[in-house]
Amino acid sequence: MLTLKVITENTDEVVRKLARKGFDAKEVIGKIIELDKIRKSTQAELDANLAETNAISKSVGALMKEGKKAEAEEAKSKVASIKEKSKELDAKMSDAIEKINSLLYTIPNMPYDDVPDGKTAEDNVVVKMGNEIPQLGEDALPHWEIAKKYNLIDFELGVKISGAGFPVYIGKGARLQRALINFFLDEARNAGYTEIMPPTVVNQASGFGTGQLPDKEGQMYHCEVDDLYLIPTAEVPVTNIYRDVILDEKDLPIKNCAYTQCFRREAGSYGKDVRGLNRLHEFSKIEIVRIDTPEHSKESHKEMLAHVESLVKKLELPYRILHLCGGDMSFTAATCYDFEVYSAAQKRWLEVSSVSNFDTYQANRLKCRYKGADKKTQLCHTLNGSAMALPRIVAALLENNQTEKGVRVPKVLVPYMGCEYID
RNA sequence: GGAGAGAUGUCAGAGUGGUCGAAUGAGCCGGUCUUGAAAACCGGUGUACUCGUAAGGGUACCGGGGGUUCGAAUCCCUCUCUCUCCGCCA
């Protein structure tokens, strides 16, 4: 969430920037400022009351020691009325703070100035394209047909044992999963990321820390008995490592990567979007996460983009990079680039990665701070990106590389697959 | 699942009703000493809110929440978590 400080001190700027995200902040910020004034004055009054209570309590102790019982009793009686007032003030202040926070949660992050204007996905800007789109014949098969032809993925079997959106990978289909996971992790490690293997279920505090809760409660699987959530992305456990942590500036940037299974309820999705591997309830993803200083985070973001680009390049997949416009960006991002690969039989672009900088928005929720050489404690910047999500990569690989001999394995994956063709 | 023990600052660890934001030790930072280093010695070393130009004040925080009391790290209730033993088990 945005900090109270930035909202109260730069109100006009905040309103202007949020407008680019299609969010009218004027009213809610007005309310927040009002509530904050109440909070401040209430706190001043409460603090004074408590100070008086403390002073009297101290004097009672002293009087008792001196044996001045009557005076001690008198002091005691004085406290009663002050205490009652304190209780009242305390309630008033908690109420104000609670209201302020619940309003703060409704405000999205401010987009950076270089984020393109726009309202919908139509307005996203293609900043780069790479690798040739293959020309397939009329008889080209979509990936779900290929998966069936070579017995790589059994969607019906998944329905039997779990439900729709939980495919079963078989034989070379399963091996391809493992090959991609290893490839992505090796690439990340070579780029200086520390490999993390986190839990795939998290508690409420973690879901809250990265912003999945309370807003997107319905998107996560919830184990009610234990009140734990299945993670929708490794971002949740890996970023929460740094919840309530004060880092040392010399340890920044922190660069972590993690492979996990990801679980998404995807309530409300339907049609061609959920066909085959296009949208699943469970899938494998390698995530890269960075924690950085405000001064260096833009540079970090660039490095992450270059890393993800190198992956699609090596996999020989036609790709394009989109700079998301203000209106299409996620609630929490300050700037975000999407990577899409072309799935030649479906004839459509599939999103395989988004790489975001959250500025201090997430760190403020997480209370993730660092201490610099100047001994000052301030909020970190957090960034993350997929590097990458498997299913759509697999979809594009199967479709784009289909030949009469089988599906050609990209050179870079051959050592991981142990074969040149999937047949 | 059963029984017991515990949760204190960066860490270890004291504190069982008043001057405790918290002993002591370690670590870390600064200094003295030293050719340099080590040792020794001296000083400093939490977070948040708030008042103040500043110096410096005030308030809160000893796992979370509530209660008793003039006053709670300390007493009571409750929740959570951790550890040990037993059982079960990949």
Side-chain angles (χ1 to χ4, degrees), chain A residues 1-9 32-104 197-209 213-214 222-229 237 240-252 254 261 360 363-380:
Chain A
M1 58 206 213
L2 296 178
T3 61
L4 198 52
K5 196 174 152 78
V6 77
I7 286 177
T8 52
E9 288 176 9
I32 289 173
I33 290 174
E34 270 314 300
L35 284 164
D36 190 45
K37 275 183 193 157
I38 292 170
R39 192 215 101 230
K40 264 194 193 177
S41 62
T42 310
Q43 190 182 349
E45 209 178 329
L46 175 61
D47 282 358
N49 263 17
L50 291 173
E52 198 178 345
T53 307
N54 288 344
I56 293 174
S57 296
K58 263 186 195 173
S59 76
V60 169
L63 290 168
M64 293 291 253
K65 259 181 199 164
E66 292 168 31
K68 297 177 181 170
K69 266 214 165 143
E71 286 172 56
E73 287 304 321
E74 197 191 322
K76 277 191 197 180
S77 64
K78 243 200 286 184
V79 174
S81 65
I82 302 173
K83 253 190 102 179
E84 198 155 314
K85 184 77 181 162
S86 294
K87 216 168 189 177
E88 232 172 78
L89 292 167
D90 191 40
K92 191 175 171 188
M93 194 172 78
S94 316
D95 181 61
I97 290 172
E98 205 174 296
K99 280 185 180 146
I100 289 170
N101 281 334
S102 62
L103 289 175
L104 280 175
M197 192 160 184
T200 41
V201 293
V202 295
N203 55 29
Q204 260 191 26
S206 295
F208 184 82
L213 294 174
H222 185 201
C223 310
E224 285 184 26
V225 193
D226 298 299
D227 199 17
L228 293 170
Y229 294 85
N240 270 284
I241 292 172
Y242 305 98
R243 168 155 48 86
D244 294 320
V245 165
I246 298 177
L247 294 155
D248 198 322
E249 184 173 6
K250 68 174 189 293
D251 296 327
L252 300 176
I254 281 166
Q261 289 298 87
T360 59
N364 189 32
R365 268 199 176 195
L366 287 164
K367 298 273 175 294
C368 173
R369 293 159 292 175
Y370 76 97
K371 198 177 271 198
D374 57 0
K375 298 275 181 192
K376 268 199 180 161
T377 306
Q378 58 177 317
L379 290 170
C380 297

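Order of the sequence lines sets the chain letters (A, B, ...), proteins ahead of strands, with each chain counted from 1. The analysis underlying the following values was restricted to heavy atoms, covering all of them including side chains, and did not include hydrogens, waters or symmetry mates.
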- prompt: Is atom CD of A/Gln261 surrounded by more than 12 heavy atoms (other residues, nucleotides or ligands) closer than 6.0 Å?
  reply: yes
message: We want to know whether A/Asn203 and A/Ser206 form a side-chain donor-acceptor pair, criterion being a heavy-atom distance below 3.5 angstrom.
response: yes
Same-atom distance (P) from B/rC42 to B/rG57, integer angstrom: 25 Å
query: Does any non-hydrogen side-chain atom of A/Leu247 lie less than 4.5 Å from one of A/Tyr242?
result: yes
field: Paired nucleotide for B/rA72 [Watson-Crick or G-U wobble; both distances under 3.5 Å]
entry: none
- request: Measure from CG on A/Asn101 to P on B/rC49 and round the result to the nearest Å.
  value: 12 Å
query: Among B/rU50, B/rG18, B/rA60, which is the nearest nucleotide to the side chain of A/Asn54?
result: B/rA60
Rounded P spacing from B/rU35 to B/rG46 in Å: 35 Å
query: Are any non-hydrogen side-chain atoms of A/Ile254 and A/Ile241 less than 4.5 angstrom apart?
result: no
query: Got a second to check how far A/Leu89's CG is from A/Ser94's OG, nearest 0.5 Å?
result: 10.5 Å
field: Nearest-Å distance once atom P is located in both B/rG67 and B/rC61
entry: 13 Å
Separation of the C1' atoms in B/rG87 and B/rC28, to the nearest angstrom: 46 Å
- prompt: Which whole-number value in Å describes the distance from A/Arg243 CZ to B/rG64 C1'?
  reply: 14 Å
Test side-chain contact (heavy atoms from CB on, under 4.5 Å) applied to A/His222 and A/Asp227, step by step: CA-CA 7 Å; A/His222 185 201; A/Asp227 199 17; 2.8 Å; yes
field: Rounded distance (Å) that lies between atom P of B/rG71 and atom NZ of A/Lys58
entry: 15 Å
Distance in Å, A/Met1 CE paired with A/Ile100 CD1, rounded so as to fall on 0.5 Å steps: 10.0 Å
- line: Rounded to whole Å, the CG-P distance (A/Leu247 to B/rC28) equals 19 Å
Among B/rA48, B/rG71, B/rC49, the nucleotide that comes nearest once only the side chain of A/Arg369 is considered: B/rA48
- request: Consider the side chain of A/Lys87, meaning its heavy atoms from C-beta on, and name the nucleotide among B/rG67, B/rU50, B/rG71 that approaches it most closely.
  value: B/rG67
- prompt: A/Gln43 or A/Ala55: which one's nearest nucleotide on RNA chain B is closer to the 5' end?
  reply: A/Gln43
Rounded distance in Å between the C1' positions of B/rG64 and B/rU82: 15 Å
field: P-based separation of B/rA7 from B/rG13 [nearest Å]
entry: 10 Å
- line: Under a 3.5 Å limit on both distances, the Watson-Crick or wobble mate of B/rC83 is B/rG4
task: Determine the interatomic distance between P on B/rU59 and the same-named atom on B/rG44; round to the nearest Å.
output: 22 Å
message: In this structure, how many angstroms lie between the P atom of B/rU47 and the OH atom of A/Tyr370, rounded?
response: 15 Å
- prompt: If we call it a pair only when both distances are under 3.5 Å in a Watson-Crick or G-U wobble match, what pairs with B/rG52?
  reply: none
message: Heavy atoms only, 4.0 Å cut-off, all strands: where does A/Thr53 land among base, sugar-phosphate and nothing?
response: nothing
query: Who is the Watson-Crick or G-U wobble partner of B/rC61, with both distances under 3.5 Å?
result: B/rG46
query: Are A/Lys78 and A/Glu52 side-chain neighbours, meaning at least one heavy-atom pair lies under 4.5 Å?
result: no
field: Spacing of the P atoms in B/rC86 and B/rG17 (rounded, Å)
entry: 37 Å
task: Map A/Ile246 and A/Glu52 onto RNA chain B by nearest heavy atom, then report which one ends up closer to the 5' terminus.
output: A/Ile246
Watson-Crick or G-U wobble mate for B/rA40, both contacts under 3.5 Å: B/rU32
message: The criterion is salt bridge (Lys or Arg N to Asp or Glu O under 4.0 Å); which residues satisfy it with A/Asp36, sequence neighbours excluded?
response: A/Arg39
- prompt: Whole-Å distance between B/rC29 P and A/Lys250 NZ?
  reply: 8 Å
task: Please list residues of residues 88-98 of chain A whose heavy atoms come under 4.0 Å from any atom in RNA chain B, ordered by number; otherwise none.
output: none
- request: Determine the contact category for A/Lys371: base if any of its heavy atoms lies under 4.0 Å from a base atom, sugar-phosphate if only primed atoms, P, OP1 or OP2 are that close, otherwise nothing.
  value: sugar-phosphate
task: Answer with base, sugar-phosphate or nothing: what part of the nucleic acid does A/Leu46 contact at a heavy-atom distance below 4.0 Å?
output: nothing
- request: Name every residue in residues 70-80 of chain A that has at least one heavy atom under 4.0 Å from any atom of RNA chain B, in order of residue number, or write none if there are no such residues.
  value: A/Lys76, A/Val79
field: Non-hydrogen side-chain atoms of A/Glu34 and A/Lys37 separated by less than 4.5 Å
entry: yes
task: Find the distance A/Arg365:CZ to B/rA48:C1' and express it as a whole number of Å.
output: 19 Å
message: By the 4.0 Å heavy-atom rule, please label A/Leu50 as base, sugar-phosphate, or nothing.
response: sugar-phosphate
task: If B/rA12 has a Watson-Crick or G-U wobble mate with both distances under 3.5 Å, name it; if not, just say none.
output: B/rU24
field: Under 3.5 Å: donor-acceptor pair, side chain of A/Thr360, backbone of A/Ala363
entry: no
Rounded interatomic separation in angstrom, taking CG from A/Asp244 and C1' from B/rG64: 13 Å
message: Would you say A/Lys83 places a side-chain N or O within less than 4.0 Å of OP1 or OP2 belonging to B/rG71?
response: yes
message: Can you identify which nucleotide, out of B/rU59, B/rC70, B/rC51, has its nearest atom closest to the A/Asp47 side chain?
response: B/rU59
Donor-acceptor pair, side chain of A/Asp244 and main chain of A/Lys367, under 3.5 angstrom: no
